[in-house]
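Keep in mind it's a predicted model, so treat the numbers as computed, not measured. Each chain gets a letter, A, B and so on, in the order the sequences are listed, and its residues count up from 1. The basis for the numbers below is simple: all heavy atoms, side chains too, and nothing from hydrogens, waters or symmetry mates.
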There are 2 protein chains.
Amino acid sequence: MDNSAETGEKKKAKRVASERVLQRDPERTKAAILEAATREFAENGMGGARVDAIAERAGTNKRMLYHYFGDKEQLYLRVLEEAYVGIRTAERALHIGDRSPEEGIGELALFTWRYFLKHPEFLSLLGTENLHRARWLRQSVRLKELHSHLIGELARVLERGKKEGVFIENADPLHVYLTIASLGYFYLSNQHTLSTIFGRELIEPSNLDSWEQHIVHVTLASIKR
Amino acid sequence: MDNSAETGEKKKAKRVASERVLQRDPERTKAAILEAATREFAENGMGGARVDAIAERAGTNKRMLYHYFGDKEQLYLRVLEEAYVGIRTAERALHIGDRSPEEGIGELALFTWRYFLKHPEFLSLLGTENLHRARWLRQSVRLKELHSHLIGELARVLERGKKEGVFIENADPLHVYLTIASLGYFYLSNQHTLSTIFGRELIEPSNLDSWEQHIVHVTLASIKR
DNA sequence: CCATCAAGTAACCGTTTAGTTACTGGCTTG
DNA sequence: CAAGCCAGTAACTAAACGGTTACTTGATGG
């Protein structure tokens, strides 16, 4: 492989790309398929999603989808992986260890809730993946180390809180994260059945604010000394 | 093949009027279809469930399914309705108002967790129904009044707790129920992705016990004065 | 400027799907 | 015990599905 020639190619391609919209652009097509697939899988689940629908939403056709992603299952896994990378990347940027332990935990709770609220497709994808007992996620090699960071940083914040005497001694990082995620996930992912059976629109702004406060309150109440 | 012996058996079965197993039994067939459908919809979702699979699981064939339930969607709604009736009926039998407010709430939390644990198909059905924005549940006329009882009794217990000075003044019955349900639902319905990404088997008995305690603790901590 | 190769298209294929038709045979009632 | 109704069967259909084949078109290095 000729490196200098390749970089030359790339430079030219980039320059051309910035000057006008290429009629043929692999990266753009790939991204369009991935985005369309995310929506289709989120709205209909793995079983209900239609390959034709994804191609149409992406403004391309099935052949490209199979060309870039192999088949429906591999495309689905890519969508799922990207979704996890999305939330974990944003989460890292929080640096919850930079503040007081209480503020750090409160910050994580707020972030998680608001991320779930802004990314309903992430919740749907989790739902459909769990329906299938994490059949595809299990095959993913990319995602194991992505999550150790979260629990690690959370554990450090809790330790500091214990030393400062503000948190109870048996506060568990996994339990704290599960508590935060539970309260956000259930409220949003089950909003439709809940609103129906209880006759109250859970998605209404005042109810959302009220639940946001509740999550922070409950999370801290569960670990405060 | 011994024909006379076979017909003899059949006639005998006919004559034992009250205890005989009918070869043709609408109620038994209906029940078998409903149970098979519950499993199939829970395992594969509304989009992934196969009508042929339901018929085979029920030990009958498609024609009967369409005969008794109309079509796939109506069968699915029946399954969903029965699932709700199941949990709400068991819930009523608790009579959480008969004990002290604290015990009543703790009892409800324990019951909900253990019911979810024993009925994973209920959680799956909720998941698939919410994926479709409660499209079918909304059409159900049977279920509205089934739930007012729960919130009503919960509100009464909370009021008593407030008067006795053990609960905070702004404890909200809906929030309390959502808290309990959230912590149970998320842990169980998302156990597969969670176990995968965190590398810990959430379904292990010791972890289940630990989370059960956590739910009761968190619920009470969130409303205790 | 043109040969080449990847990007892109559309029509097609075998299979699976929800739903139907035409039929058989067991149960009840008069 | 005959008659008819209804539970139950199996083979079928049209449409939809995931995936493929045969082909065209446009960008680009030599």
Side-chain angles (χ1 to χ4, degrees), chain A residues 1-33 36-37 40-41 44-77 136, chain B residues 3 6-18 20-34 36-37 40-41 44-77 136:
Chain A
M1 200 166 291
D2 189 346
N3 270 337
S4 60
E6 200 186 32
T7 46
E9 265 182 354
K10 276 186 181 173
K11 269 187 180 177
K12 192 175 181 184
K14 266 188 182 175
R15 203 186 63 226
V16 172
S18 61
E19 282 169 2
R20 62 194 162 99
V21 178
L22 287 171
Q23 293 180 11
R24 309 194 149 186
D25 186 339
E27 290 313 310
R28 191 188 38 168
T29 304
K30 263 175 99 162
I33 292 172
E40 177 72 11
F41 284 124
N44 303 102
M46 171 63 184
R50 298 293 158 239
V51 171
D52 294 87
I54 295 171
E56 201 189 326
R57 285 180 124 151
T60 177
N61 65 50
K62 272 198 291 189
R63 181 68 186 77
M64 290 294 94
L65 190 155
Y66 286 97
H67 183 246
Y68 289 123
F69 296 97
D71 61 12
K72 188 186 179 184
E73 300 197 11
Q74 289 178 66
L75 174 59
Y76 168 76
L77 180 54
W136 289 280
Chain B
N3 271 337
E6 201 179 56
T7 46
E9 265 185 39
K10 278 181 187 173
K11 278 187 178 176
K12 191 180 175 185
K14 258 189 193 173
R15 288 199 192 93
V16 189
S18 59
R20 75 183 168 188
V21 177
L22 288 171
Q23 292 180 8
R24 310 198 146 188
D25 186 340
E27 289 313 310
R28 192 188 36 163
T29 304
K30 264 175 97 163
I33 292 173
L34 211 53
E40 177 73 10
F41 283 124
N44 303 102
M46 171 63 183
R50 296 293 159 242
V51 172
D52 295 87
I54 294 170
E56 200 189 326
R57 285 181 124 152
T60 178
N61 66 50
K62 272 196 293 189
R63 181 67 186 78
M64 291 294 92
L65 190 156
Y66 286 98
H67 184 244
Y68 289 123
F69 295 97
D71 60 13
K72 188 185 180 184
E73 300 198 10
Q74 288 177 67
L75 174 59
Y76 168 76
L77 180 55
W136 290 280

Between C/dA22 (C1') and B/His67 (NE2): distance, integer Å:
15 Å
Side-chain N or O of B/Arg50 closer than 4.0 Å to phosphate OP1/OP2 of C/dA18
yes
Nearest whole angstrom, please: distance from the P of C/dC27 to the CD of B/Glu27.
16 Å
Flag, side chain of B/Lys72 to backbone of B/Met46, donor-acceptor distance under 3.5 Å
yes
Candidates C/dA7, D/dT21, C/dA18 - which lies nearest the side chain of A/Arg63
D/dT21
Does C/dT9 have its OP1 or OP2 closer than 4.0 Å to a side-chain nitrogen or oxygen of A/Thr60?
yes
Please state how far atom CG in A/Leu65 lies from atom P in D/dT20, giving the value in whole angstrom units.
12 Å
Side-chain touch B/Leu75/B/Phe41, heavy atoms, less than 4.5 angstrom
yes
Let me know, please, whether B/Lys62 or B/Lys30 comes out on the 5' side of the other along DNA chain D by nearest nucleotide.
B/Lys30
Looking at C/dA18, D/dG19, C/dT9, which one has an atom nearest to any side-chain atom of B/Tyr66?
C/dA18
Atom CE of A/Met64 and atom P of D/dG18 are separated, to the nearest Å, by 18 Å
Examine distances only and state if a side-chain atom of A/Glu40 and a backbone atom of A/Val51 form a donor-acceptor pair shorter than 3.5 Å.
no
Whole Å only: how far is the OH atom of B/Tyr76 from the P atom of C/dA18?
15 Å
So, does B/Tyr68 get its side chain near the phosphate of D/dG8, meaning an N or O under 4.0 Å from OP1 or OP2?
yes
Side-chain N,O (A/Asn61) to OP1/OP2 (C/dA10) below 4.0 Å:
no
Separation of D/dA7 C1' from B/Ile33 CD1 (nearest whole Å):
11 Å
Working to the nearest 0.5 angstrom, can you tell me the gap between B/Thr29 OG1 and B/Asn61 CG?
10.0 Å
For a quick test of reading the model: is some side-chain N or O of B/Lys72 closer than 4.0 Å to OP1 or OP2 of C/dA18?
yes
Rounded to whole Å, please give me the gap between CG in A/Asp52 and C1' in C/dC12.
13 Å
What's A/Ala49 touching, base or sugar-phosphate or nothing? Going by heavy atoms closer than 4.0 Å.
sugar-phosphate
Let's see if you can work this out: which of C/dA7, C/dA18, D/dG8 has an atom nearest to the side-chain heavy atoms of A/Pro26?
C/dA7
Can you name the closest pair of heavy atoms from B/Leu77 and B/Trp136 and give their distance?
CD1-O, 3.4 Å
Among the candidates C/dT21, D/dG19, C/dG19, find the nucleotide nearest to the side-chain atoms of A/Asp71.
D/dG19
Value in whole Å for how far the P atom of D/dC17 lies from CD of A/Glu56:
12 Å
